Amino acid sequence: VLLSWLGAEAKGFWSASKRAAEAAVRASSRPWAVLRSAPVFGVGDALLDEVGAWLHRSPFLPRFLEEVPLQALHVGDAAEALFAPVQGEVEIGGAALSWGEVLRACARAAGKTLMGPRLSDSTLAWIAHSLGDRDWLKELVPFDSEALARHRLGYTLQANALPALLGRAPRPLVDYLENEWAYRAR
């Protein structure tokens, strides 16, 4: 069983490594499964904790690509899916949200008002290229050009196998934000 990623078709070294791993699994003479996952959230994740850190240190959060679809799933659901009987390739993810909906849900859970500039695509590309690709600025700009290109593609599943694999609906993102997220209002 290989846990891969929905964006494996994107350009870049990271995506190429996912494609190579998938090809190696498919070439096996043994029974195999590839679970192509949307981004995973949970304690210590890079996705939501970066947003939480921004909200914690500043009332302003740079807003960008808010229309990008995201079907993030809880790490516990991803782990449970790895043990489900499946063969072949399936896609797994949570409820369909946009990145903007995720940002607003994070702000609500943190007890903050979502404020900040809406960055245009051209400004975002300039920031990613000029600042994000430099090691010393990784904390300030949480993405580089390759990550921006992957994020622009979005994370939409053609057919979400997760509910069938779990025998229930996936854990809602809002439930995690309001009950476990380190940056939630207490």
Side-chain angles (χ1 to χ4, degrees), residues 1-53 65-106 108-110 142-144 146-184:
V1 177
L2 171 68
L3 181 61
S4 190
W5 176 67
L6 281 176
E9 66 281 351
K11 294 179 182 178
F13 295 114
W14 191 82
S15 298
S17 73
K18 294 296 183 185
R19 288 191 303 275
E22 287 182 13
V25 167
R26 279 189 218 100
S28 173
S29 60
R30 303 186 75 181
W32 58 268
V34 173
L35 278 66
R36 297 184 102 207
S37 173
V40 175
F41 64 87
V43 175
D45 74 69
L47 176 70
L48 300 177
D49 280 2
E50 187 65 39
V51 173
L65 301 176
E66 291 185 82
E67 71 287 349
V68 168
L70 179 74
Q71 289 186 251
L73 70 151
H74 186 261
V75 64
D77 289 344
E80 194 174 328
L82 287 170
F83 290 99
V86 65
Q87 194 165 351
E89 296 180 49
V90 297
E91 295 180 346
I92 59 173
L97 300 169
S98 70
W99 180 238
E101 290 171 308
V102 170
L103 290 176
R104 288 186 291 280
C106 286
R108 276 192 309 276
F143 53 83
D144 55 22
E146 186 178 322
L148 175 61
R150 280 194 313 264
H151 186 73
R152 275 189 172 137
L153 293 174
Y155 306 93
T156 303
L157 288 72
Q158 299 301 314
N160 190 359
L162 190 60
L165 293 175
L166 300 178
R168 61 174 172 77
R171 183 176 185 187
L173 175 74
V174 172
D175 177 62
Y176 167 75
L177 290 172
E178 292 175 352
N179 295 296
E180 286 183 58
W181 191 42
Y183 297 94
R184 70 188 183 279

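None of the values given here were measured: they were computed from a predicted structure.
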Residue pair Leu165 / Asp77, side-chain heavy-atom distance below 4.5 Å: no
Check: Leu70 and Pro39 side chains under 4.5 Å, non-hydrogen atoms: yes
Side-chain heavy-atom pair Asn160, Glu91 within 4.5 angstrom cut-off: no
Steps toward side-chain contact (heavy atoms from CB on, under 4.5 Å) verdict (Leu73, Ser37): CA-CA 8 Å; Leu73 70 151; Ser37 173; 3.2 Å; yes
Any Leu177 side-chain heavy atom under 4.5 Å of Cys106 side chain: yes
Gly93 versus Pro170, closest heavy-atom pair with distance: O-CG, 3.8 Å
Student check: side-chain heavy atoms of Phe41 and Asp49 closer than 4.5 Å: no
Derivation and outcome, side-chain contact (heavy atoms from CB on, under 4.5 Å), residues Tyr176 and Leu48: CA-CA 10 Å; Tyr176 167 75; Leu48 300 177; 3.8 Å; yes
Cationic N near anionic O, under 4.0 Å, Glu66 to Arg104: yes
Pairwise side-chain contact, Asp45 with Trp181, heavy-atom cut-off 4.5 Å (strictly under): no
Ion pair check, Glu80 and Arg171, cut-off under 4.0 Å: no
Salt-bridge contact Arg26-Glu22 (side-chain N to carboxylate O under 4.0 Å): yes
Rounded distance [0.5 Å steps], OH in Tyr155 versus CG in Leu97: 14.0 Å
Any donor-acceptor N/O pair, Gln71 side chain to Leu157 backbone, under 3.5 Å: yes
Donor-acceptor under 3.5 Å (Glu178 side chain, Asp175 main chain): no
Residue pair Leu173 / Val102, side-chain heavy-atom distance below 4.5 Å: yes
